[in-house]
Amino acid sequence: MVSVRLPDGSVKEFNRSVTPLDVASDIGPGLAKAAIAAEVDGQQVGLDYALPDDGEVALKLFTKKNSEALSIMRHSAAHVMARAVMRIKKGVQLAFGPVKGEQFYYDFEVDEPITEDDFPAIEKEMKAIIKKNEPFERIERPRDEALQICKDMRQKLKVEHIESGLADHESLSFYQQGEFLDLCRGPHVPSAGAIGAVKLLFVAGAYWKNDASNKQLQRLYATAFFDKADLANYVERMAEAQKRDHRVLGRKHGFFHIDEMVGQGLILWAPKGAYVRQKLQEFIHLHLQRQGYDQVFTPHIGKLDLYKTSGHFPYYQDSQYPPLINHDQLKKLADEGCTCSDLSNSMKSGEIDGYLLKPMNCPHHIKIFDAQQRSYRDLPIRLAEFGTVYRWEQSGEIGGLTRVRGFTQDDAHLFVTEDQVADELAGCLELVKIVFAAVGMDDYSVRVGLRDPDSSKYVGDPANWDKAELACREAAKTLGKPFIEEPGEAAFYGPKIDFVVNDCIGRKWQLGTVQVDYNLPERFDLSYIGADNKHHRPIMIHRAPFGSMERFIGVLIEHFAGAFPLWLAPEQIRLMTVSEKSEDYGREVEQRLKAAGFKVHGDFRPEKLGSKIRDAQMELIPYMAVVGPRDAESGTLSLRDRVDGDLGALTIDETIAKLQKEVEEKVVKQKFANTGVIAEEGETQNEY
RNA sequence: GCUGUUGUAGCUCAGUGGUAGAGCACUUCCUUGGUAAGGAAGAGGUCAUGGGUUCAAGUCCCAUCAACAGCUCCA
């Protein structure tokens, strides 16, 4: 006898072998019809799963209302998609087909590439399969037999996967749907009819087992919903999300420009974007002063030797612009008969001395620290600079402000004693929190990047790494926010605490970062004189609360959907006249607002007021100051809030006081409805 | 870097191998008005770049550059 415990606490007992479907039927025919899948003792199963004959199990039945059912259905839709593709394309080799966030995909190896032109045919075939409503049948086989089945089907990727990835599985399962049989862990919906509306999205390349050294497969992305209306809603949400894309808004509002002739990933800051950046820099500068930082400036280039010592050149050469060589050196090489390939080789091996566009600011700051003898009494030394760095990012990665080839870090390096590490880390984290709070971004996540024990890309003594990692972990705990630890995410010189946010289409970006480094001080042989009159090695903390100004502002544009709060808005007040009759008074008011420190622009065009207001609304100006004959008479202006509308007449002084207070308090007026784009979650890998 | 898609006016986009188009923005003129679009006229183009096919190419083919999406990478 088996006791089945349901989520409401009730227990049903059965004297026979039952499946989740049987239990559902026992509860009611409506539920049996609505059930999609189930969960038994925390494990997702199909409705035909055989429950144990005795003992007690916890059973949850999923219907369309459960989000679990939605992912299970999408996974089934992936099978239907693969089945449709196999009917249309010859020689299709199946790889994996998991669910990822709101989407699902299937990776194929095909003789003839799938293109978007194939979408209508594939979708049509999928709809036909769904309409036919054939069941998904689970078939379990011992490993040997399963292997043979895949060999017989000539599915070489599945064969490879069974032989390597699934070597320790004794029994494997398949799901069959008509002529389509796929190795799969499941579970699936009972039959294809449960799949509602499907839509193919795009085709992309993806490497077999996510390894770039493996062959590239074709990945077909799609989404599915139980309901047509939900699909329409999804399409709408994606379109909405695109409207707040910083690249779209950046062009529309003139925040920045990227010019082909200047170069890929090189940002030209237009006045409006530059203003926002300036305001942010002023803001953090104030906090740097409070926390005892010293400002420094360093050049954009440095000799190769510097980066050989730091390790940047040997470890990240591929992501750097090649070294700059001087004319004499180049001529000498030419006279010696150096060929292009010789030149390339000697540059790579670092034999030719040149200058590197700096990929990071730390070596320069280290040299400032090292320029004089330091006492323990001087520590901590905190050197800050908005330092611009250049990295040769792969062309396919570059885009907008979030991934660029030249960017400015709000960088600083702290040189501290062992005893000071914890306090200084706390100060750095505090700064990051201040930054996020100032702009009302609270949906960030924290990631502690640790070294990957299997990799050779890290420098230094493992004992130092252990100390640094412990310090990061302890510091992260003080944030009072859950954080994840990710091996392999550390810098080559030390572990770090990263602050990660999502962009408007759900991609994750690292903004602020705080890193603990025992290694660069060693590589540069840094020291300070301790109280014992002996040399001691300082520890470095690298930190950038914004991360990169480019990326931060890119994300910030999306966060505010282009509508900056008053303290950051590049145009704070649009002054407009009701008609040209009030122009003189308008200019007087404009001057007074400007004198009070506001960014004001006067709109004196011979347009109707409604039209001027509309323009200002569209340009997302926080406040409009309307002046007409009545205002000229009473010495007032009519203030209009972009969000709240007409606020009525105020004197100029009242206006200035009100807006200054709003700037002071850094008020964020509008909360934007989340676009509802679901950030990418880890994919559910049902294909074992 | 890889796979796929896309490059037409400042922006968003139409355009069937046969004379280059629209809306918005811009300029000028008319309108002088009180809280989200007043009216008219005008200007604006080497159809990304370079080759090729063709009597004829924005349109078809190839290459390059760039953008977008996804991989891979990201100190």
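Residue numbers start from 1 in every chain, and the chains themselves are labelled A, B, ... in the order their sequence lines are given, proteins ahead of strands. Here the structure is a predicted model, which means the values were calculated and not measured. Any value given below was found using the heavy atoms of this structure, including those in side chains, with hydrogens, waters and symmetry copies removed.
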Let's see if you can work this out: which of B:C11, B:G70, B:A75 has an atom nearest to the side-chain heavy atoms of A:Phe202? B:G70
In Watson-Crick or G-U wobble terms, both distances under 3.5 Å, what is the partner of B:G34? none
Nearest-angstrom distance, P atom, B:U3 to B:U59: 24 Å
Which value, in whole Å, describes the distance between the C1' atoms of nucleotides B:U28 and B:A43? 10 Å
In whole angstrom, give me the gap between the C1' atoms of B:U53 and B:C60. 8 Å
Go ahead and name the base partner of B:C65; Watson-Crick or wobble counts if both distances stay under 3.5 Å, otherwise write none. B:G7
Atom of A:Gly254, atom of A:Ala270 and distance for their closest heavy-atom approach: O-CB, 3.2 Å
Work out how far the C1' atom of B:A9 is from that of B:U46, and round it to whole angstrom. 14 Å
Now, which nucleotide makes the Watson-Crick or G-U wobble pair with B:U19, with each of the two distances under 3.5 Å? none
Rounded to the nearest angstrom, tell me the gap between atom CZ in A:Arg405 and atom C1' in B:G1. 11 Å
For A:Lys457, which contact category applies under a 4.0 Å heavy-atom criterion: base, sugar-phosphate, or nothing? sugar-phosphate
Would you say the base of B:G34 and the side-chain of A:Ser638 have a donor-acceptor pair closer than 3.5 Å? yes
Using the side-chain heavy atoms of A:Ile613, tell me which of these nucleotides is nearest: B:C71, B:C74, B:A36. B:A36
To the side chain of A:Asp646, which of B:U35, B:G70, B:U31 is closest? B:U35
A:Gln617 versus A:Arg640, side-chain donor and acceptor atoms under 3.5 Å: yes
What is the nucleic acid contact for A:Gly396, judged by heavy atoms within less than 4.0 Å: base, sugar-phosphate only, or nothing? base
Look at the side chain of A:Arg391 against the base of B:C74 and say whether a donor-acceptor pair falls under 3.5 Å; ignore hydrogens and angles. no
Between the base of B:U32 and the side chain of A:Glu580, is there a donor-acceptor distance below 3.5 Å? yes
Toward the 5' end of RNA chain B, which comes first, A:Ser395 or A:Leu637, by nearest nucleotide? A:Ser395
Would you say A:Ser579 and A:Lys608 are linked by a side-chain donor-acceptor pair, where the criterion is simply a distance under 3.5 Å? no
With nearest nucleotide decided by heavy atoms, which residue, A:Glu607 or A:Asp631, maps closer to the 5′ end of RNA chain B? A:Asp631
Can you figure out which of B:C74, B:G4, B:G70 approaches the side chain of A:Lys100 most closely? B:G70
Tell me whether A:Tyr316 is stacked on the nucleobase of B:A75, counting only the six-membered base ring and applying the 5.5 Å and 30° thresholds. yes
If pairing means Watson-Crick or G-U wobble with both distances under 3.5 Å, then the partner of B:U54 is none
In whole Å, what separates the P atom of B:C68 from that of B:U27? 30 Å
Side chain of A:Lys608 only, heavy atoms from C-beta on: which candidate in B:U32, B:C71, B:G38 is closest? B:G38
Of the nucleotides B:A75, B:A36, B:G4, which one has an atom closest to the side chain of A:Arg614? B:A36
Just to be sure I understand the rule, does A:Ser319 reach a base, reach only the sugar-phosphate, or reach nothing, if contact means heavy atoms closer than 4.0 Å? base
State the pairing partner of B:A43; accept Watson-Crick or G-U wobble contacts with both distances under 3.5 Å, and report none otherwise. none
With a 3.5 Å distance limit and no angle check, can you tell me whether A:Lys303 reaches the backbone of A:Gly354 through a side-chain donor-acceptor pair? no
Which whole number of Å gives the distance between the P atom of B:G15 and that of B:A22? 15 Å
Using the C1' atom on both, measure B:G45 against B:U35 and round to a whole Å. 39 Å
What does A:Arg251 touch in the nucleic acid at a heavy-atom separation under 4.0 angstrom: a base, only the sugar-phosphate, or nothing? sugar-phosphate
Please state the P separation for the pair B:A48 and B:C13 - nearest whole angstrom. 15 Å
Out of B:U35, B:G4, B:C73, minimum distance to the side chain of A:Gln218 belongs to B:G4
Should the side chain of A:Tyr207 and the base of B:G1 be counted as holding a donor-acceptor pair, with the cut-off at 3.5 Å? yes
Donor-acceptor pair between A:Gln264 and A:Ser395 side chains, under 3.5 angstrom: no
Taking it one step at a time, do A:Ile366 and A:Phe415 satisfy side chain to side chain contact (heavy atoms under 4.5 Å, CB included)? CA-CA 9 Å; A:Ile366 284 172; A:Phe415 300 85; 4.2 Å; yes
Closest to the A:Ser611 side chain: B:C71, B:A37, B:U35? B:A37
Nearest non-hydrogen partners of A:Asp641 and A:Val643, listed with the distance: OD1-N, 2.6 Å
